Amino acid sequence: MISASAPGKFVVMGEHAVVYGKPALALAIDMRFTIRMNPGKTFRVNGKPATNATMSPHMKWISEAHGNRPVSIFIDERVPTGSGLGSSAALSAAYSGAVRRLCNLPVDHESVAREAYEAEFAAQGRGSPMDTSASVNGGGIALNVPYSKEDFLWHIEKNGNSWDISRFDVPEMTFVIGNTGIKAPTGPLVEKVRKYRDESEFAYNIVEEIGQLTLDGMKCITGNDWVELGALMSYNHKLLGILGVSCPELDSLVEAAMPTSYGAKLTGSGGGGCMVALTDKPKETAAAIRAAGGTPYIVKTGVPGLEVKVREKKPANQGKKKNPRKSKRDESSE
Ligand code: PMV
């Protein structure tokens, strides 16, 4: 059996602007998608018969890229879907890792990050490699932000845009995520911003400003300046609101978090989904988010990215009494 797991993420700064090759910063969180996969005669998802066509478009794309080998999979889903926490990227990363391992293909982070991004792009018809790279690498990732040679991860190009993706050390910061409970798919929101930016110089300049702001945000992270980082995050939220991707529920959770936070903003595509607050009073911030009608999660960052393990079947003649541990072998992709 193959087990592959990959984390969700939130965006510290730069969502939407990153689609146009502007800088962005994202952190992986301790909410994961885990897929357990066995080769089979027909497709099965969580014990139920499935056809290739009934699987998610991301899984379908990955499956087709590898010859549609029928598999039985169980999905343990700990990332809320359609909520700005990169659930589809985590699913693509975990599924790609599992299928590639099944086909004896390399499951190094770069190969899986590229494939998971292609699957995301094909499913959504748009988007940046931010979510898939954050999920595969884990920790903290930066896109198109100056980096040192040893932090460089990979370079991706698509549709005339390009991204240099690098890692950064995740400092001791506490974040609280607040979920509005409103599900908002990414595609239409990305399309809304694209249209606005194409048609209006004002919107174009807001996207540029978000990019500049994010570069300043990276300097705050390197310099451990949480007061300034919080202020930049809150300003980033205002700019996203002007682009039309916030909503009253997100604004009210952001407002509720502010008195106990350095700053707060929506995360991901917006229109619902989640906001995130940078705080050193996580319990108070979580209580304020709950009082305002949201569901708070005090998240852990600095978590590992994609992990792929293989558990081999015990040979039929190996008795249970003979040191059962030796019949199992775990191997990690890293
Ligand atoms: O809402 P999510 O978790 O799918 O995040 C989307 C992030 C965007 O910047 C809006 C789109 C992208 O592809 O980068």
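This structure is a prediction, so every number in the text was calculated from the model and none was measured. Remember, it's 1-based here, ligands and their atoms both numbered in the order they're listed. Quick note: numbers below take in every heavy atom, side chains included, and nothing from hydrogens, waters or symmetry partners.
Those atoms of ligand 1 with a heavy atom of Gly127 less than 4.0 angstrom away are 13 (O). Taking a cut-off of under 4.0 Å to the non-hydrogen atoms of Glu15, the atoms of ligand 1 that pass are 9 (O). The ligand atoms of ligand 1 that sit less than 4.0 angstrom from a heavy atom of Gly84 are 1 (O), 2 (P), 3 (O).
Inspection of the Ser96 and Glu115 side chains reveals an N or O donor paired with an N or O acceptor under 3.5 Å. Judged purely by distance below 3.5 Å, without hydrogens or angles, the side chains of Ser135 and Lys9 never pair a donor atom with an acceptor atom.
Side-chain contact check for Ile29 versus Ile177: some heavy-atom pair is nearer than 4.5 Å.
Qualifying side-chain contact (heavy atoms from CB on, under 4.5 Å) partners for Glu191, counting only residues two or more places apart in sequence or in other chains: Arg126, Arg194. Every residue two or more places apart in sequence or in another chain was checked for a salt bridge (charged side-chain N to carboxylate O under 4.0 Å, His left out) with Lys300, and none qualifies.
For atom 9 (O) of ligand 1, the closest non-hydrogen atom of the protein is His16 N, 2.9 Å. In terms of protein heavy-atom proximity, atom 7 (C) of ligand 1 is nearest to Met130 CE, 3.7 Å. Looking only at protein heavy atoms, the nearest one to atom 5 (O) of ligand 1 is Asp131 OD2, 3.2 Å. In terms of protein heavy atoms, atom 4 (O) of ligand 1 is closest to Thr186 OG1, 2.7 Å. In this structure, atom 13 (O) of ligand 1 lies nearest to the protein heavy atom Ser128 N, 2.8 Å.
Ligand 1 lies less than 4.0 angstrom from a heavy atom belonging to Lys9.
Using a 4.0 Å cut-off between charged side-chain N and carboxylate O, Lys60 and Glu64 make a salt bridge. Salt-bridge annotation for Lys158 and Glu120: absent, with no side-chain N of the basic residue lying under 4.0 Å from a carboxylate O of the acidic one.
With a 4.0 Å cut-off on non-hydrogen atoms, Leu85 touches ligand 1 through its backbone and not its side chain. Neither the backbone nor the side chain of Thr267 has any atom closer than 4.0 Å to an atom of ligand 1 (non-hydrogen atoms only). Within the 4.0 Å heavy-atom criterion, neither part of Leu189 lies near ligand 1.
A donor-acceptor pair under 3.5 Å is absent between the side-chain atoms of Thr174 and the main chain of Asp280, judged by distance alone.
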